Amino acid sequence: MKIRAIAFGLVVGSLSLLSYAQQPIVIKFSHVVANDTPKGHAADYFKKKAEELTKGRVKIEVYANSTLYKDKEEMEALQIGAVQMLAPSLAKFGPLGVKEFEVFDLPYIFDGYDDLHKVTQGPMGRMLLDKLDAKGVKGLAYWDNGFKSFSANKPLQSPADFKGLKMRIQSSKVLESQMRALGSLPQVLAFSEVYQALQTGVVDGTENPISNLYTQKMHEVQKNLTLTEHGYLGYAVITNKKFWDGLPADIRKQLDDALEQSTRYANQIAKMENEKSLDAVKKSGKTAVYTPTAAERTAFKKAMIKTHTDMESRIGKDLIKSIYKETGFDPAKL
Ligand code: LMR
């Protein structure tokens, strides 16, 4: 009788172990933008690829549009292990204590995606991602969005038009300095709060790639958009280091492969997604879209370039110089 009970117990025990072993590993991937954006599409693509390559041993739950966490909360959630993956904008790593990422926010430092990729896809990009290790965060990849343009409820054709405007920024000291260089008043707000802040006049204007502006319906509460494309906005895909290092090696390899494919995909679609959104904004008829002349572009550059020197002590002069070297940017030639 006793032996039978033990045998029964063993069978039940191994069955439950078996079912435990078959439980997929769940990765919560939280982000703040809409699904129909470069990051939204890339996160969905990653889910598909990761679940395919791991043959269902990993389940990716994507939470878009700040439905799980807002900007600041998501960083904290990652560190305590409440979510496993994020792709915050590079402008949002200062509060984590990794100020060097703000180098990507310097106005005009990248003259297009090709320049940018020299950094994000080279050793300097890797070196920056490795700085996250000390915070218990592992940097996995860079995903593109695009170049930001300014919007407000008045035409913005010269730096003088910014005087006194309250401008929403992400939590970056470089962006703060850039907005002050234009004579405007920067205000840090979580991305999820921007639409309402614009609608109610808490802030007057903002800057974003057009895909973010359009998918958050900011164009409905901003009468004027100037295609300045003055600065870059992109993402670092990150995970909780302890979680990642604790994954079975074969799964980690499959996830790395899924990520590599997703990164290629993200960086292929980003430009096109922003162009699609620009067309949609124009078609909506709600926002006047203005393309600055060459002389107006130069005036914007001249006003904002002081941010590069003003921020040297925060980001590191050597880091800024090594990016200049990589991309061939020369502030003296503006
Ligand atoms: C913003 O806050 O404007 C962006 O970082 C949002 C995003 O993730 O693209």
Side-chain angles (χ1 to χ4, degrees), residues 29-44 46 62-75 77-78 83 85-96 98 101-105 107 113 116 120 139 141-152 166-176 178-179 186-199 202-219 221-222 225 228-238 262 266-267 269-271 273-274 276-278 281:
F29 187 149
S30 172
H31 68 80
V32 298
V33 294
N35 289 314
D36 192 17
T37 55
K39 176 162 65 179
H41 287 304
D44 292 345
F46 173 69
V62 178
Y63 297 91
N65 237 338
S66 311
T67 45
L68 197 56
Y69 295 110
K70 299 201 279 186
D71 289 334
K72 195 165 155 288
E73 304 159 359
E74 68 172 20
M75 284 288 198
L78 186 85
V83 287
M85 283 180 82
L86 306 173
S89 145
L90 300 166
K92 291 176 184 166
F93 285 84
L96 194 70
V98 189
F101 276 94
E102 292 178 6
V103 78
F104 289 99
D105 299 332
Y113 288 97
L116 167 85
T120 52
Y142 291 96
W143 285 357
D144 283 343
N145 187 336
F147 291 85
K148 297 173 291 180
S149 286
F150 290 118
S151 63
K166 285 177 278 167
M167 297 294 284
R168 180 269 169 170
I169 55 163
Q170 307 171 80
S171 58
S172 155
K173 295 287 174 206
V174 168
L175 298 179
E176 192 177 314
Q178 171 204 276
M179 291 301 191
Q187 294 213 6
V188 175
L189 284 177
F191 186 63
S192 55
E193 289 160 12
V194 182
Y195 174 85
Q196 210 186 1
L198 290 169
Q199 189 189 35
V202 168
V203 288
D204 301 305
T206 185
E207 57 166 13
N208 242 305
I210 315 301
S211 56
N212 277 350
L213 175 104
Y214 179 67
T215 53
Q216 296 297 320
K217 299 188 174 23
M218 293 179 203
H219 64 294
V221 287
Q222 294 279 267
L225 169 67
T228 42
E229 303 195 316
H230 56 277
Y232 174 70
L233 190 155
Y235 310 106
V237 184
I238 56 175
S262 314
N267 298 351
I269 62 161
K271 186 165 182 283
E273 287 292 320
N274 279 299
K276 241 169 56 188
S277 291
L278 178 59
V281 170

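Both counts, for ligands and for their atoms, begin at 1 and track the order of listing. These figures come from a predicted structure and were not determined experimentally.
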For Ser89, counting its heavy atoms only, list the atoms of ligand 1 lying under 4.0 Å from any of them. 5 (O)
Ligand-residue contact atoms, ligand 1 with Asn208, heavy atoms, under 4.0 Å: 3 (O)
Donor-acceptor pair, distance only, cut-off 3.5 Å: does the side chain of [X] make one with the backbone of [Y]?
X: Glu229; Y: Lys148; value: no
X: Lys39; Y: His31; value: no
X: Asn35; Y: Gly40; value: no

Indicate, as side chain, backbone, both or neither, the part of [X] found under 4.0 angstrom from ligand 1 when only non-hydrogen atoms are considered.
X: Arg168; answer: side chain
X: Val194; answer: neither
X: His31; answer: neither
X: Leu233; answer: side chain

For [atom], what's the nearest protein heavy-atom neighbour? Residue, atom name and distance, please.
atom: atom 9 (O) of ligand 1; answer: Tyr235 OH, 2.5 Å
atom: atom 5 (O) of ligand 1; answer: Gln170 OE1, 2.7 Å
atom: atom 1 (C) of ligand 1; answer: Phe191 CD1, 3.3 Å
atom: atom 2 (O) of ligand 1; answer: Lys92 NZ, 2.7 Å
atom: atom 7 (C) of ligand 1; answer: Val33 CG1, 3.3 Å
atom: atom 8 (O) of ligand 1; answer: Lys39 NZ, 2.7 Å

The test is salt bridge (charged side-chain N to carboxylate O under 4.0 Å, His left out); show your working for Lys70 and Glu193 and say whether it passes. CA-CA 9 Å; Lys70 299 201 279 186; Glu193 289 160 12; 2.7 Å; yes
If you round to the nearest 0.5 Å, how far is CG of Leu213 from OH of Tyr195?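 Here the rounded value is 11.5 Å.
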In Å, rounded to the nearest 0.5 Å, how long is the span from CZ of Phe104 to OG of Ser172? 12.0 Å
Looking at ligand 1, is there an atom of it that comes within less than 4.0 Å of some heavy atom belonging to Thr206? no
With only distance considered, is Asn145 within less than 3.5 Å of ligand 1 through an N or O on each side?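 There is no such contact.
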State whether a side-chain donor-acceptor pair under 3.5 Å links Thr37 with Asn145.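 Asn145 and Thr37 do not have a side-chain donor-acceptor pair below 3.5 Å.
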What is the ring orientation for Tyr113 with Phe147, classed by angle as parallel under 30°, tilted 30 to 60°, or perpendicular over 60°?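 Perpendicular: the ring planes of Tyr113 and Phe147 meet at over 60°.
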Verify side-chain contact (heavy atoms from CB on, under 4.5 Å) between Glu273 and Asp36, making sure each step is shown before the conclusion. CA-CA 8 Å; Glu273 287 292 320; Asp36 192 17; 3.8 Å; yes
